[in-house]
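Here is the naming used below: chain letters follow the sequence lines, and residue numbers restart at 1 for every chain.
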Amino acid sequence: MSASHISPLLADLNPIQTQAVLATDGPVLVLAGAGSGKTKVLTHRVAYLIQEKKVPADSILVVTFTNKAAGEMTNRIKKLLNQLPAATYQLPVMGTFHSICARILRRDGVNIGLTPGFAIYDETDAVEAIKQAMEKLVLTDKKMSPSAVKHTISSAKNEMVSSLEYPRFARGYFQETVAKIYLEYQKILETNQALDFDDLLLLTVKLFQHSPQTLAYYQIKFKYILIDEYQDTNAVQYALTKLLSAQHKNICVVGDASQAIYGFRGADFRNIVNFQADYPNTRVFNLEQNYRSTQIILDAARAVISKNTSHPVLSLWTDNLVGQKIKITEARNEKEEAEIVISEIKKSSELRIKNSELKLLTPNSDIRTLNSYAVLYRTNAQSRALEEAFLKNSLPYILVGGIRFYERREIKDVLAYLRLVQNPKDSVALKRAEKLGKGRLNKFFEVSVTIDKSTTLDTLDLILQKTDYLDTLEDGTDQGKYRIENVKELRSVAEQFPNLTEFLENVALVEHIGAESDQNSDKVTLTTLHQAKGLEWSVVFMVGMEEGLFPHSRSFLNPAELEEERRLCYVGITRAKERLYLTHTRQRLFFGTRSNNLVSRFISDIPQELVQSQMNYINPDQFLDDVSIQKDEDDWLNL
DNA sequence: TTCAGGTGTATTTTT
DNA sequence: TACACCTGAA
C-alpha cells in the first residue's frame with residue numbers, strides 16, 4: 001500500500017473512527033458511546049484487515065453479544081467487501097462466545113472426553129435437570145426453588161468454580177445444599193451427554209488448560225480478535241479472551257461501561273474498565289461524537305449517568321440540533337399513562353395525515369411513521385396496560401419479548417422427541433416425552449429405532465405422524481391453531497438444517513423469530529429497556545418512571561445494583577433521536593394491589609432547563625403522605 | 001389421558 | 001390480580 005493510497009474504507013469515518021480502524025495491531029480499546037458509530041468501526045476494521053492488510057478472513061475472530069448482532073455485522077461486512085474492487089467473499093469467524101465455543105468443543109472436545117454429539121440444554125432443560133437432581137437427593141424441602149438453585153450454580157460456573165470445588169466455598173444451609181445438588185446435576189448432565197450454556201464456555205477454558213496443543217492451534221489461527229459489548233462479558237469470557245489473544249495480542253475490544261446492564265447475570269463491567277491495566281501498551285480510542293440524538297437528549301442522559309461513580313463516563317457531543325425539550329407527564333394510573341402515550345403518538349400521526357392531504361410535506365419535514373415510536377418499560381408486566389390501550393385505540397403495535405419461540409410448550413415437546421432420537425438416554429427429554437403420554441412415547445420408540453440417516457425434516461414428520469402429536473394441540477381454540485402454526489414454523493427451520501445435530505445446536509443457541517413478527521410493518525414498538533439496547537427510534541416514551549419500579553425496588557439495598565438501574569436509564573434515554581417523553585403515575589395497580597409511587601429519582605436528576613412539564617417534581621416530599629412504599633423509601637434514603 | 005382445582009410467584013435475559 | 005405449574009382424581 002503506497003502512502004498516497006487512501007482506502008475507500010476510511011472515506012466516511014471521522015478522525016477518531018479512522019484511527020481506531022487503522023490501529024490494527026496490538027491491544028486496542030474502543031470506548032464507544034451510545035450512537036457513536038460503534039458497529040461502523042467494527043465492520044470497517046474487519047473489512048480493512050481483509051482488504052488492505054490482506055489478512056485471511058478465517059484468521060479473524062469476531063465475537064458479538066447476540067447471534068442477531070453477528071448476523072447484522074456479517075451483512076454489513078459483506079456489503080463493504082462487495083463495494084470494493086477485487087471483492088473478497090470470504091468472511092471472518094463470527095458468532096457469540098457460546099456458538100464459537102460450541103464449535104470448538106464439537107471439534108476438539110474429545111480431548112477432554114466430550115462426545116462430539118453432545119446436547120445443549122437451555123434454561124428450561126437445565127432447571128428440569130436440577131429438579132431431577134433434587135429428587136434423586138430426596139430434597140423434599142419445598143423451600144428451595146430449582147431455578148434459584150440453577151441461578152446459584154450458574155453464578156458459580158461464571159466464576160469458574162466447578163462442582164468439585166464449590167463445596168469449599170459453600171457457606172450456610174442454602175449453599176451447602178446447592179453444593180450437593182451441583183455435584184448431582186453435573187452427573188446428570190454427563191449421563192445425558194448434555195452441556196448447559198455455562199458449560200460451553202467453562203469446558204472450553206478447561207479444554208484449553210488441559211490440551212496445550214488445542215489452545216496453541218486456536219491461538220495461532222486467530223491472528224486478530226474483535227470483541228463487541230465487552231462491558232457485558234463475564235469472568236469465563238474474560239478468561240477465554242485472555243487465552244485466545246495471548247499469542248498475537250491483536251485484540252480489539254469495543255464497549256461502554258455506561259451501558260453495562262447485565263450484571264445480574266454475571267457480566268462484570270470491570271473487564272472493560274481494567275482492560276488497559278490488563279493488556280500493556282493498549283491504545284485507547286474514545287468515540288464521543290454522537291450521530292443519533294439531539295443535544296437536549298444527550299444532556300439529560302449525561303445528567304443521569306454522571307451520578308455513577310464506579311466507572312468512567314464518556315462525554316458525548318453532537319453536531320445535531322439542540323432539539324425539543326423532554327416532556328415529563330404525570331398520569332393518575334397506568335391506564336391513563338397508556339392513553340397519554342397514545343394521544344401523543346396520534347397527535348403526530350394526525351399531523352402527518354393532515355400534512356400529506358394538504359400536500360404540505362416537504363422533504364425532511366416531520367414525517368413519522370409508527371415504527372419511529374417506541375414505548376420502553378422496566379418490567380414485562382407493564383406491557384399489559386399498554387397493549388390493552390393500543391388495542392382499544394386500534395393503534396398497531398409490536399410487542400418485543402415475552403415467551404421466546406423455542407421456549408414455547410409445543411416446540412419444546414417436539415424437540416424432546418428429536419433429542420431422544422439423538423440420545424435415547426437424555427433423561428430431561430425423556431421426562432418431557434413421558435408427560436405427553438406413555439402410548440405416544442412407545443409409538444415414538446417403535447419408529448425411532450428405524451430412523452437412521454434421514455434428514456431432520458423427514459424425522460420430524462415421521463414422529464409427528466406416528467405420535468399424532470398435533471392432535472393434542474387441536475382443541476378448537478385459537479391458541480391451539482397458533483400452536484400448530486408454530487410447529488409448522490419449526491418444520492421450516494428443520495428444512496434449513498438437514499443434519500439433526502446441527503439443527504438442535506441452532507435451536508439451542510439461536511433465537512428464532514416467529515412468523516407473526518413482521519418487522520417491516522408500520523407499528524409502534526413496545527419493549528423492555530433491556531431489549532431496547534442497541535436500537536434507536538425518533539420518539540421514545542419511557543413509562544413507569546417511579547421509585548420502586550424504575551429504579552426497581554430490588555436494587556434499593558445495593559448501591560451497585562442501583563448504578564445498574566441508572567445505566568439502564570441512560571441506555572433508555574440514548575435510544576431517542578428527536579423526542580423523549582418520560583411518564584409516571586400517581587397510583588399503579590401492581591399484582592392486585594394499588595401502590596402510590598414517588599417520582600423516579602432519575603427524573604429529578606434531569607435539569608429543569610431540559611424539561612417541559614406541568615409540575616415541578618424536584619421535591620418528592622409532596623408524596624410522603626402516601627405510605628404504601630414508605631418502607632422502601634427509608635431504605636434508599638439510608639444508602 | 002385429561003382436566004379441574006390448588007399452589008406459588010411475579011425484574012431485567014442471551015446463550 | 002393472573003397465570004404457569006403441579007397433583008390427583010375421574
Side-chain angles (χ1 to χ4, degrees), chain A residues 63-70 95-102 120-128 131 142-143 145-148 150-151 154 157-158 195-202 204 228-229 232-234 236-237 260-267 334 376-385 400-409 431 434-441 468 471-472 475 479 505-512 527-534 544 548-556 558 561-562 564-565 567-569 571-572 588-595:
Chain A
V63 185
T64 57
F65 190 58
T66 64
N67 285 294
K68 193 174 152 224
T96 61
F97 273 107
H98 291 85
S99 68
I100 288 158
C101 287
I120 300 170
Y121 277 4
D122 70 11
E123 197 59 26
T124 320
D125 301 324
V127 169
E128 179 55 39
K131 281 184 198 164
K142 292 268 158 97
K143 273 172 201 129
S145 99
S147 52
K150 172 69 189 35
H151 185 256
S154 185
K157 287 185 174 180
N158 281 336
L195 307 187
D196 65 19
F197 288 138
D198 304 314
D199 286 341
L200 290 172
L201 309 180
L202 200 54
T204 305
D228 193 14
E229 305 279 16
D232 286 323
T233 51
N234 64 26
V236 193
Q237 292 164 336
I261 54 173
Y262 287 104
F264 68 91
R265 62 180 205 217
E334 71 284 350
L376 310 181
Y377 38 83
R378 179 65 178 78
T379 68
N380 282 307
Q382 288 167 263
S383 70
R384 176 180 300 254
V400 182
I403 320 149
R404 290 198 292 273
F405 184 75
Y406 292 124
E407 307 259 284
R408 312 197 96 95
R409 197 196 77 189
K431 183 152 187 204
E434 273 171 359
K435 280 186 193 163
L436 301 174
K438 281 259 161 61
R440 209 164 267 127
L441 184 61
D468 291 319
D471 289 359
T472 64
D475 57 359
Q479 198 189 35
E505 175 161 323
N506 183 270
V507 160
L509 293 180
V510 181
E511 167 61 2
H512 178 69
T527 192
T528 61
L529 286 152
H530 281 89
Q531 289 198 296
K533 192 180 171 196
L549 193 56
F550 192 35
H552 198 273
S553 56
R554 297 277 269 257
S555 69
F556 286 164
N558 183 337
E561 283 181 46
L562 210 40
E564 183 147 310
E565 296 286 303
R567 290 192 291 271
L568 190 57
C569 185
V571 166
R588 181 178 296 274
L589 191 63
F590 221 62
F591 302 128
T593 47
R594 300 211 158 271
S595 65

Of all residues at least two apart in sequence or in a different chain, which pass the side-chain contact (heavy atoms from CB on, under 4.5 Å) check with E123(A)?
V127(A), K150(A)
Out of dT12(B), dT15(B), dC3(C), which has the shortest distance to the side chain of T66(A)?
dT15(B)
Is the distance from OP1 or OP2 of [N] to the nearest side-chain N or O of [X] less than 4.0 Å?
X       : N       : result
N67(A)  : dT15(B) : yes
R594(A) : dT1(C)  : no
N234(A) : dT14(B) : no
T528(A) : dT13(B) : yes
K533(A) : dT14(B) : no

Sequence-distant partners of [X], side chain to side chain donor-acceptor pair (under 3.5 Å), two or more places apart:
X       : result
E229(A) : K38(A), Q231(A), K533(A)
S154(A) : D198(A)
N234(A) : N158(A)

Salt bridge (Lys or Arg N to Asp or Glu O under 4.0 Å) with [X]: which residues, sequence neighbours excluded?
X       : answer
K131(A) : none
E565(A) : R378(A)
R567(A) : E564(A)

Polar pairs (N or O, both sides) under 3.5 Å between protein and nucleotides 2-4 of chain B?
none

Whole-angstrom distance between dC5(C) and dT12(B), as gauged at atom P:
15 Å
Base, sugar-phosphate alone, or nothing: which one does Y262(A) contact when heavy atoms must sit under 4.0 Å apart?
sugar-phosphate
Any base atoms under 4.0 Å from D196(A), or only sugar-phosphate, or nothing? Heavy atoms, all strands.
nothing
Tell me whether K157(A) is salt-bridged to D199(A), with the criterion being a basic N under 4.0 Å from an acidic carboxylate O.
yes
Please enumerate all protein N or O atoms sitting under 3.5 Å from an N or O of nucleotides 5-8 of chain B, with distances to 0.1 Å.
none

Integer-rounded Å distance: dT11(B) C1' and L549(A) CG:
9 Å
Answer with yes or no whether R265(A) presents, from its side chain, a donor or acceptor under 3.5 Å of a partner atom in the base of dT14(B).
yes
